[in-house]
Amino acid sequence: MWSTPSSRRSATWSRVSSERVDSAAMAQVLPAESDLRRVIGNGGEVADREVDGLDEHGLLHLYRSLILLRTYDERSVVYHRQGRIGTYAIFWNHEAMQAGSVHALSDDDWIFPSYRESAIGLLRGMPPATVLSWWRGHPAGWWNPADYNLASICVPIGTHVPHAAGLAWGKKLHGERSCAIVYFGDGATSEGSFHEGANFAAVMNVPLILFCNNNQWAISTPITAQTRAETLADKAVGYGIPGVRVDGADVLAVYEATRDAVARARDGGGPTFIEAVTYRVAPHATADDHKAYIDLERVEEEKKNECVGRYEGYLRRAGLLDDAKAEEIKAWAIELMREGIKAAEAEPPADPALLFEHAFVDPPPSFQSDLEELKRILG
Ligand SMILES: Cc1ncc(C[n+]2csc(CCOP(=O)(O)OP(=O)(O)O)c2C)c(N)n1
Ligand SMILES: [Mg+2]
């Protein structure tokens with residue numbers, strides 16, 4: 001940056017400061033919504049609603065995506081127990097947040113996932129073997145982000161929020177109509193990088209959707225120990241952007257909220273913060289035992305309202321799904337996973353030198369002996 005010719009530097013900075021003035025002048029936001037938006041009823045006194053933008057084909061496609069993610073997740077826990085993949089971050093009951101939001105995007109919109117959305121690439125046509133390889137620690141699990149408009153899976157909490165804000169800013173500077181979405185958890189809202197990214201996106205009025213999966217736990221830290229704000233959506237007010245709260249187990253409510261946020265982003269309306277509220281009914285990851293800190297009765301209660309079953313009920317009430325169709329889709333997803341783990345396991349062992357390459361331009365001399373020792377251990 002210091003070698004940037006002064007003419008280019010000043011052109012960039014004058015654009016930056018004038019945009020800041022514009023967006024500051026526009027920053028008049030309503031208090032964040034505190035009610036959870038819902039579309040799916042309960043089959044009783046709470047009626048189902050219809051959603052614009054999804055016809056019969058779209059509604060079933062969404063179901064297919066939910067089943068694909070659910071099957072990926074359930075099979076992954078089994079593969080972990082069989083020693084075929086490493087530690088795995090379970091996303092059971094998070095599928096609606098992922099599928100509902102991705103269905104509101106176009107393929108040229110960029111996705112920035114955290115580890116909780118590790119399999120979101122499947123919704124962009126990524127083979128299950130790629131994600132399974134990632135969890136196997138194998139380089140076959142690395143991809144070129146530009147191939148899918150999908151950034152790599154972010155494990156440090158919140159550090160991808162500024163990356164997503166920067167990419168979205170670039171889109172704005174290029175005059176593109178596409179946007180970016182970044183996924184993070186409730187715990188991430190306490191991180192500096194979340195704040196930096198959200199504030200930058202707001203000030204620069206970039207086309208970004210900040211999608212918070214509020215599953216009410218950050219490993220063993222409950223949401224009540226995370227913030228004194230009444231809702232996480234309230235944080236949006238501080239950035240001067242709209243904040244929306246949805247039921248994260250209602251895939252159609254998630255779709256609707258994201259669709260609106262995408263439309264606003266494309267029209268130059270800037271970022272939106274979406275708080276999707278759900279409950280983490282599984283342990284944080286396969287290495288965690290949540291019995292040490294969670295109320296298991298609450299977990300059982302929450303499971304009754306899990307997102308796939310709720311959407312299945314909606315489709316059945318609308319006459320769009322029957323047992324035969326549901327079984328066919330589940331069988332398709334299981335077969336994909338069978339092929340996926342077979343392909344991942346057929347990958348030849350990775351070259352251990354890859355662990356050391358690309359880390360430094362000038363590697364320290366110790367790397368050579370470290371690599372030799374690793375090779376000796378691996379036999
Ligand atoms: C910068 C950073 N600090 C700490 C951790 C350790 N860590 C891993 S997961 C996690 C909890 C994150 O909770 P949340 O943001 O709510 O996401 P969730 O796992 O619930 O999806 C923490 C603190 C980390 N990965 N990165
Ligand atoms: Mg969380």
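Start at 1 with the first residue, then count along the sequence. Just so you know, ligand 1 is whichever comes first in the structure, and atom 1 is the first atom listed for that ligand. Because the structure is a prediction, the values reported are computed rather than measured.
- The protein heavy-atom contact nearest to atom 25 (N) of ligand 1 is Val155 O, 3.2 Å.
- There is a side-chain donor-acceptor pair under 3.5 Å between Arg266 and Ser106.
- Closest to atom 3 (N) of ligand 1 among all protein heavy atoms lies Glu191 OE2, 4.0 Å.
- The nearest heavy-atom contact from the protein to atom 1 (C) of ligand 1 is Ile157 N, 3.6 Å.
- For atom 19 (O) of ligand 1, the closest heavy atom belonging to the protein is Tyr115 OH, 2.6 Å.
- Side-chain contact of Ser114 with Glu117: a donor-acceptor pair under 3.5 Å is present, judged by distance alone.
- Checked by distance only, ligand 1 and Asp186 come closer than 3.5 Å through their nitrogen or oxygen atoms.
- Heavy-atom contacts of Arg116 reach the following atoms of ligand 1: 18 (P), 19 (O), 20 (O), 21 (O) (cutoff under 4.0 Å).
- Put simply, the side chain of Gln226 reaches to within 4.5 Å of the side chain of Thr221, judged on heavy atoms.
- A salt bridge links Asp247 with Arg38: the distance from a Lys NZ or Arg NE/NH1/NH2 to an Asp or Glu carboxylate oxygen falls below 4.0 Å.
- A salt bridge is defined here as a Lys NZ or Arg NE, NH1 or NH2 lying under 4.0 Å from an Asp or Glu carboxylate O, and Arg70 with Glu306 meets this definition.
- Distance from atom 14 (P) of ligand 1 to its nearest protein heavy atom, with residue and atom name: Gly187 N, 3.4 Å.
- Atoms O of Trp217 and OD1 of Asn215, as seen from the Mg ion (ligand 2), are separated by an angle of 80°, to the nearest 10°.
- Considering backbone and side-chain atoms alike, Ile219 places every N or O at 3.5 Å or more from each N or O of ligand 1.
- Between Asp260 and Arg37 the shortest side-chain heavy-atom distance falls below 4.5 Å.
- The distance from ligand 1 to the heavy atoms of Asn213 drops below 4.0 Å at these ligand atoms: 21 (O).
- When distances from atom 6 (C) of ligand 1 to the protein are checked, no heavy atom turns up under 4.0 Å.
- Taking the six-membered ring for Trp and the full ring otherwise, the centers of Tyr239 and Phe273 sit at least 6.0 Å from each other.
- The proximity of Phe184 to ligand 1, defined as any non-hydrogen pair under 4.0 Å, does not occur for either the backbone or the side chain.
- For ligand 1, the atoms sitting less than 4.0 Å from at least one non-hydrogen atom of Asn215 are 18 (P), 20 (O), 21 (O), numbered in the order shown with element in parentheses.
- Within the set Cys212, Ala218, Pro156, the minimum heavy-atom distance to atom 13 (O) of ligand 1 is found for Ala218.
- Of the N or O atoms in Ala188, one or more lie within a sub-3.5 Å distance of an N or O in ligand 1.
- Side-chain contact annotation: His160 with Tyr183, donor-acceptor N/O pair under 3.5 Å absent.
- Side-chain N/O atoms of Trp135 and Ser118 include a donor and acceptor closer than 3.5 Å.
- Residue-level check: among N/O/S atoms of Asp186, OD1 sits closest to the Mg ion (ligand 2).
- With a 4.5 Å cut-off on side-chain heavy atoms, Ile120 and Ile153 do not count as touching.
- Listed by number with element, the atoms of ligand 1 under 4.0 Å from a non-hydrogen atom of His284 are 9 (S), 19 (O).
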